[in-house]
Structure formats: structure tokens, C-alpha cells
Amino acid sequence: MKKIFLIAIAALTMVGCGKKSEMKQGPWLGVIQIDTADKSMDLPINMNYTVSAKGVQQMVITNADETIVIDEITKNGDTLFMKLPVFTSEIVAVFKNDSLIGKYYPKGVAVGTYYKFYAVAGVIDRFPWYTAEASYNVTGRWKIIENPGTADSTIMVGEFIQKGNRVTGTFLNTGGDYRYLDGKVSDNKFFLSAVDGAHTLIITADLIDQKTMENGRFMGSPKWVSKWRAVRNDKIELPTNEQLVKVKKGFSTFDFAGIDMAGQQITSKDNRFNDKVLVVLAGGSWCPNCLDEARVFCKLYDKYKDQGLEVVSLNFEDKTYEPSKKKMERFIKQTGANYTFLYVAPRGGTKRDSVLYPIEGQMAFPTGMFIDRKGTIRKVETGFSGPGTGEHYIKFVDETTKLIELLLSEK
């Protein structure tokens, strides 16, 4: 299969000023080369290109059960420009019928940092380089040891479902999850990948037996690289939220301030928040778990705002307001979140800890506070397990809904 890609790319590079080509509709396999010196970590993504009868173009990326619709697509001759939704990632590539070759910009063309990208039409298999039947089935729950034997060693949980060769699932950690992962087992090789506009993830390992994975490698960028191993463990649990974060002794309330999308200073003392149940979410437009969280609280706000619920997102973005505002507006528009968004500080753990001064512990993005009508912090949450985690997500939505209803019932 690698020969097919090489032939397609070679043909594309020889395209001259001939007849204008049209890009093929249907399935494509894209590949992002995060590290051009290590082809074993090439990151594949399933894509599907269509053009409607009215000429509307769409490229749909799929990661397991997730579909990401790219409809901001323009052409200039034989060059295709695609902006992924919500986040700032872009693909710029030259096309010739059944081939694409170009660049993937994880933070947008304006920033300039890119990975090499290519794609071939008609390929559905996510990891077509590996064709052997699976020697093992990884379905179940796994204890993941990241960076084993080092000071940075951490524990994660892997939850996978395997049908035939195909594997879907996710990695859970104290900050949430790695969202929808999609891949396969071939012989004793384990592969997962995902591209959602914020994450570019490629995960590999060797299956030693039915209960053990070794030689695990994880790559999210040239700097976001780690090793891992895993053992099957159906009872492995991460620390509870209460074990991770809590309200500091001597604190019970929370004051905040930030700039809204109209450039106005908003504070927790404003009349709009008087006698309201308030959910304060600390995150950013760059954060994939914040995307999943925003979609949940958008629905909860629409359902309960007339009963006295307010939701405020404290955003940690760029160093200044104006460039941050553009990213936040894009995030708001594409998630449909219609509650209050405030720019509060540049991105980073130090700034987050300063703004969220009543909280102590192992905070992550996102972190949220549930505050009752009297201004008392009733619960703190850190991290977010999204819809890619299945029952964990369902449990979170159910418990959060019940908590909001309880707080709203109190007078």
C-alpha cells in the first residue's frame, strides 16, 4: 500500500500546465507527517470529499463515531484551502484527481508552523500499510503507564473496543480524555490515531500477549512525545475529582472579572449574576475537551436559563485581547454556545491558578465551579471526559444536570 501512495505522489509532482483537474469525490486517506524522519509515526486520517448539486464542497473527517465537517473550502487553480471547524487548523494542498500533497498547519497558516500532508483517493483502511489479521483482541480496560520508570511517569486508563481488526476507544487521564481514537490491530501491532483540529495524535504499541502491551509510543507533536506500556486491568480507576481538587480552607466564594465579546468589562458583582445559580468554566478556544464541555453546557443553559442559571466561560488565550477575541468568536459560533464568554488572561497554568484562586490541587483545563444563589461554591470539577468516553460522559451529564436542578430549587 505504501507503493500506491508513492506512485500517487510522484504523479502529482509531475503535474504541469495541462488540463484542469477535478478532485475526486468519495473516500480519501490523508496522512500527516509529524516527524518526517520517522515514517512509522505517520498519522493517517479518514476523509470523505463531496460536492453538492449546488456546488457546495465538504470534506468530512471521521474519528471512530465522530464526524468533523469541513465546509470552509476554497480553490485557487489546483490548490485546495481547507479550514477545520472550531479551531485554527488548516490544510493547504495541491490536488490532481486522486492525489493531494501539501501542508497541515496545526495553528493556522498565519502562524506558519506546518507538517507535511498528503492524501490518496479511494482508500478506506485507516492503516493500510498493515494487512495481517489481528493476533489478539484488546477489547476492555487497560492500565496505561506513561513514561515508565521516570519522574514524569503517570497512570492513564485505556478503554478499547475491537471488532475484527478495527479498534476504537480512548485514553483517560486526570485532565479528561483524548477524545475519539480510531485504529486497528494487525498481527501483534496496535495502532490508534485522531485528528480533530486541536489534537494530532498517533499511538502505537506491541502486543506481547493478550494482557500486555510494550514499546508504546505516543506522538502529538514533535515536542509532545512519550513512551508507554500497558497491562489489562478491568478494575483500574483514576483518582476521583474530590481527590484532585478542592476549595481552599478559608474560601467559600469566588470573584472574577474579564472582557466580553463586546469589549466590556464584566465582573461577578454585576447585577446580572445576582440571585443566580452560576457555573464558571475555565478553559480556552484551543482546548478540545473544552469543545465537548461547551456543547454540554450550551444545552444546559438553554434548558435552565429561564429558571435562573448563568454560565460563564473564563478564557485563557493569547497575550492580548484582540487576537483572542477572534478565536473565541469562532469557537462560540461553531459550538452554538450562547452563554457569557470572557477573556481573562494568557494561556498557562500559572495564570489559571491565579485566576482560580479559591481552588487548590491538580487542576487541568477545563476546570469548573458550581456556585449557588448565595454565592457559595458548592462543587469543583477539573478535566472533562467527553462523548468519546461513553458511560463516563453519560454519568457526568446526568450528575451535572441533577446538581444544577438541585441548586435551582434552593431559594
* Chi angles and distances behind the side chain to side chain contact (heavy atoms under 4.5 Å, CB included) call for Phe365, Glu293 -> CA-CA 11 Å; Phe365 283 112; Glu293 181 187 61; over 6 Å; no

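- For the side chain to side chain contact (heavy atoms under 4.5 Å, CB included) criterion with His392, the lone passing option out of Leu238, Leu172, Val157 is Leu172.
- Side-chain rings of Tyr49 and Phe95 stay apart, their centers remaining 6.0 Å or farther from each other.
- When atom types are taken as modelled, the side chain of Asn147 and the backbone of Thr150 share no donor-acceptor pair closer than 3.5 angstrom.
- Here NZ of Lys83 is found 13.5 Å from CD1 of Ile91. Values are rounded to the nearest 0.5 Å.
- Contact annotation: the side chain of Tyr104 approaches that of Thr200 to within less than 4.5 Å [non-hydrogen atoms, C-beta and beyond].
- Residue Asp302 places its CG atom among more than 12 non-hydrogen atoms of other residues, nucleotides or ligands, all under 6.0 Å distant.
- With hydrogens and angles disregarded, no donor-acceptor distance shorter than 3.5 Å links the side chain of Trp228 to the backbone of Pro148.
- Atom NZ of Lys248 has more than 12 neighbouring heavy atoms from other residues, nucleotides or ligands inside a 6.0 Å radius.
- Thr168 places no side-chain N or O within 3.5 Å of a backbone atom of Asp182 that could act as its donor or acceptor partner.
- Within a 6.0 Å sphere centred on CD1 of Ile155, other residues, nucleotides and ligands contribute more than 12 heavy atoms.
- Checked against Asp318 for a salt bridge (Lys or Arg N to Asp or Glu O under 4.0 Å), the options Arg347, Lys327, Lys326 give a single hit: Lys327.
- Aromatic ring orientation, Phe160 versus Trp142: tilted (interplanar angle from 30° to 60°).
- Atom NZ of Lys351 has 12 or fewer heavy atoms from other residues, nucleotides or ligands within 6.0 Å.
- To the nearest 0.5 Å, atom OG of residue Ser385 and atom CG of residue Asp292 are 10.0 Å apart.
- One distance of note links CG of Leu342 with OG of Ser324; it measures 12.5 Å at 0.5 Å rounding.
- Side-chain contact of Asn76 with Thr79: a donor-acceptor pair under 3.5 Å is absent, judged by distance alone.
- Interatomic distance, Glu391 CD to Asp398 CG, rounded to the nearest 0.5 Å: 13.0 Å.
- Counting only distance, with no hydrogens or angles, the side chain of Asp177 and the backbone of Gly386 share a donor-acceptor pair below 3.5 Å.
- By the 4.5 Å heavy-atom criterion applied to side chains, Met213 and Val138 are counted as neighbours.
- Within the 4.5 Å cutoff, the side chain of Lys75 has heavy atoms near those of the Gln57 side chain.
- A side-chain N or O of Thr139 and one of Asn137 form a donor-acceptor pair less than 3.5 Å apart.
- With no hydrogens or angles considered, no side-chain donor-acceptor pair links Gln362 and Thr382 at under 3.5 Å.
- Thr367 and Arg352 share no side-chain donor-acceptor pair at under 3.5 Å.
- Under the 4.0 Å criterion applied to side-chain N and carboxylate O atoms, Glu66 and Arg179 are assigned as salt-bridge partners.
- The main-chain N or O of Asn315 is never found under 3.5 Å from a side-chain atom of Ser313 such that the two would form a donor-acceptor pair.
- In the model, Glu90 has no side-chain atom that pairs as donor or acceptor with a side-chain atom of Tyr114 under 3.5 Å.
- For the pair Leu407 and Leu309, the minimum side-chain heavy-atom distance is 4.5 Å or more.
- Considering all non-hydrogen atoms of both residues, Pro106 and Ser89 come closest at O-OG, 2.9 Å.
- Only one option out of Leu406, Thr401, Thr400 pairs with Ile404 in a side chain to side chain contact (heavy atoms under 4.5 Å, CB included); it is Thr400.
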* Intermediate values then yes/no, side chain to side chain contact (heavy atoms under 4.5 Å, CB included), Val111 and Tyr105 -> CA-CA 8 Å; Val111 174; Tyr105 295 86; over 6 Å; no

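- Side-chain contact between Asn63 and Arg126 is present, with heavy atoms from C-beta onward closer than 4.5 Å.
- At least one side-chain heavy atom of Phe218 sits less than 4.5 Å from a side-chain heavy atom of Leu201.
- Within the 4.5 Å cutoff, the side chain of Val231 has no heavy atoms near those of the Lys211 side chain.
- Atom CD1 of residue Ile203 and atom CE of residue Met41 lie 8.5 Å apart, to the nearest 0.5 angstrom.
- You'll find the ring centres of Phe384 and Phe297 outside the 6.0 Å limit.
- Across Trp286 and Ala198, no two heavy atoms sit closer than the pair O-CB, 3.9 Å.
- Classification of the Trp224-His199 ring pair by plane angle, with boundaries at 30° and 60°, yields tilted.
- Residues Ile377 and Pro358 approach most closely at CD1-CB, 4.0 Å, considering heavy atoms.
- Side-chain contact check for Tyr136 versus Asn188: some heavy-atom pair is nearer than 4.5 Å.
- Listed for the Thr253 side chain is no donor-acceptor partner under 3.5 Å among the backbone atoms of Gly375.
- The backbone N or O of Val185 sits less than 3.5 Å from a side-chain atom of Asn165, completing a donor-acceptor pair.
- Nearest approach of Asp196 to Pro288, heavy atoms of both residues: OD2-CB, 4.1 Å.
- Inspection of the Asp353 and Thr350 side chains reveals no N or O donor paired with an N or O acceptor under 3.5 Å.
- Panel note: side chain Asp260, backbone Ala262; a donor-acceptor pair is recorded below 3.5 Å.
- In terms of modelled atom types and a separation under 3.5 Å, the side chain of Tyr118 and the main chain of Ala93 share no donor-acceptor contact.
- Between Gly383 and Ala364 the shortest heavy-atom distance is N-CB, 4.3 Å.
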* Let me see the working for Lys184 and Asp125 under side chain to side chain contact (heavy atoms under 4.5 Å, CB included), right down to the final yes or no. => CA-CA 9 Å; Lys184 74 191 304 184; Asp125 189 343; 3.0 Å; yes

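- Side-chain atoms of Gln243 and Thr240 include a donor-acceptor pair closer than 3.5 Å.
- Nearest heavy atoms, Trp28 versus Ala121: CE3-N, 3.4 Å.
- In summary, Lys189 and Asp206 engage in a salt bridge, as defined by a charged side-chain N under 4.0 Å from a carboxylate O.
- Using a distance-only test at 3.5 Å, with no hydrogens or angles considered, no donor-acceptor pair links the side chain of Asp152 to the main chain of Glu146.
- To the nearest 0.5 Å, atom CD1 of residue Ile332 and atom OG1 of residue Thr340 are 9.5 Å apart.
- Residue pairs meeting the ring-ring contact (aromatic ring centres under 6.0 Å, His included) criterion with at least one member in residues 326-362, sequence neighbours excluded: Phe251-Tyr357, Phe254-Tyr357, Tyr339-Phe341.
- Looking only at atom types and distance, the side chain of Ser135 has a donor-acceptor partner in the side chain of Asp187 under 3.5 Å away.
- Dense packing is recorded around NZ of Lys276, with more than 12 heavy atoms of other residues, nucleotides or ligands lying under 6.0 Å away.
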